[in-house]
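Residue numbers begin at 1 in each chain, while the letters A, B, ... track the order of the sequences. Treat the numbers as computed from the prediction; the structure is a model and nothing was measured.
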2 protein chains.
Amino acid sequence: MSNKFEIDPLLDFDLLKKLVVGIGEVSDITGVPTRKIRYWEEKGIIESEKEGEGTTRRYNYLNIKKILLIQELIEEGFTLDAAAKKVEDRMKNINEVFLKLANSASNKKEVE
Amino acid sequence: MSNKFEIDPLLDFDLLKKLVVGIGEVSDITGVPTRKIRYWEEKGIIESEKEGEGTTRRYNYLNIKKILLIQELIEEGFTLDAAAKKVEDRMKNINEVFLKLANSASNKKEVE
DNA sequence: CTTATTTTGTAACTAGGTTACAATACATGT
DNA sequence: ACATGTATTGTAACCTAGTTACAAAATAAG
């Protein structure tokens with residue numbers, strides 16, 4: 001029915017959830033300067049997880065994925081805003097799938 | 001083999017070639033301000049047919065089509081330059097088909 | 001030949017997007 | 001805890017893309 005069994009061994013969501021990095025690493029990974037990342041966040045285009053007031057930004061898999069997608073569209077010739085809007089739509093699907101997989105993975109663990 | 005016979009009665013290329021208008025009409029047709037059309041031409045994005053030095057711009061079907069395509073892409077969120085590049089590719093096909101049809105049409109006329 | 005349309009150049013202008021700087025706050029290892 | 005590296009902001013500067021206004025001179029068209 002699903003391809004759950006194929007990707008299951010590859011995706012450890014419990015690990016993935018812990019895989020959270022600072023803005024510097026995001027910049028290294030994506031090639032987007034830190035100042036630019038913050039600017040995009042100011043504009044409401046991307047989000048980061050702040051673990052409280054007066055703390056530093058933290059980025060998880062989905063946050064970083066979004067940044068990468070936006071960058072791609074900009075390179076394709078889209079406006080920043082247009083790229084943001086397009087990615088917004090795509091992220092809805094990605095989030096959905098991600099959560100679905102994450103849940104089925106943790107359910108499985110409970111059964112074990 | 002081809003759909004030539006279906007569109008043949010609709011497309012009179014001898015007429016189409018004569019269907020050439022000034023920049024004002026192009027602006028009315030496309031909704032793009034005349035100043036903008038000239039600016040795009042300055043940048044080498046579109047072309048018009050000047051019938052000699054010190055004359056006014058004239059636009060045929062393909063010229064106008066190009067303007068419309070560019071405008072669409074800009075509305076989709078593309079940069080002017082990016083839109084121009086994309087349309088450039090599309091126009092190659094359109095031109096080809098157009099010429100092919102135009103030739104077969106005039107050939108047919110000669111046979112008649 | 002008179003009225004409407006076009007052509008240019010110049011210049012102004014908006015805004016989109018990015019970046020530099022610097023002073024302050026935060027994180028982290030040993 | 002203290003020293004070193006990393007993050008956070010605000011402010012301001014910056015660049016370029018893209019568009020538009022204006023106005024005087026040239027063309028077109030009825």
Is [X] close enough to [N] that one of its side-chain N or O atoms is under 4.0 Å from OP1 or OP2 there?
X	N	result
R57(B)	dT7(C)	yes
W40(A)	dG17(C)	no
R35(B)	dG9(C)	no

Which whole-number value in Å describes the distance from [X] [atom1] to [N] [atom2]?
X	N	atom1	atom2	result
L80(B)	dG16(C)	CG	C1'	14 Å
Y39(B)	dC13(C)	OH	C1'	13 Å
K50(A)	dA25(C)	NZ	P	14 Å
D81(A)	dT18(C)	CG	C1'	14 Å
I74(B)	dG16(C)	CD1	C1'	15 Å
Q71(A)	dG17(C)	CD	P	15 Å
E41(A)	dT18(C)	CD	P	15 Å

Span of DNA chain D in contact with chain B (heavy atoms, under 4.0 Å):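 In short, chain B contacts DNA chain D from dG18(D) to dA28(D).
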Side-chain donor or acceptor of T79(B) paired with backbone N/O of D81(B) under 3.5 Å: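 No; zero donor-acceptor contacts below 3.5 Å.
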Under 3.5 Å: donor-acceptor pair, side chain of K65(A), backbone of I94(A):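 Absent.
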Donor-acceptor side-chain pairing of E41(B) and S48(B) below 3.5 angstrom: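 S48(B) and E41(B) do have a side-chain donor-acceptor pair below 3.5 Å.
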First encountered from the 5' end of DNA chain D, between E42(A) and G54(B):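 The residue closer to the strand's 5' end, by nearest nucleotide, is E42(A).
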Touch class at under 4.0 angstrom, heavy-atom based, for T34(B) against every strand present: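 No contact.
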R57(B) and E49(B) ion-paired at < 4.0 Å: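 Salt bridge: no.
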Distance (rounded to the nearest 0.5 Å) between I67(B) CD1 and L62(B) CG: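 Here the rounded value is 11.5 Å.
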side-chain contact (heavy atoms from CB on, under 4.5 Å) assessment of V26(A) paired with V21(A): CA-CA 7 Å; V26(A) 175; V21(A) 299; 3.7 Å; yes
First encountered from the 5' end of DNA chain C, between K43(A) and R58(A):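 Result: K43(A).
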Distance-only donor-acceptor test (3.5 Å): side chain R38(A), base dG17(C):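 For R38(A), whose side chain was compared with the base of dG17(C), there is no donor-acceptor pair (under 3.5 Å).
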Y59(A) and its side chain to side chain contact (heavy atoms under 4.5 Å, CB included) partner, picked from I23(A), I29(A), L19(A), V20(A):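 Passing option: I23(A).
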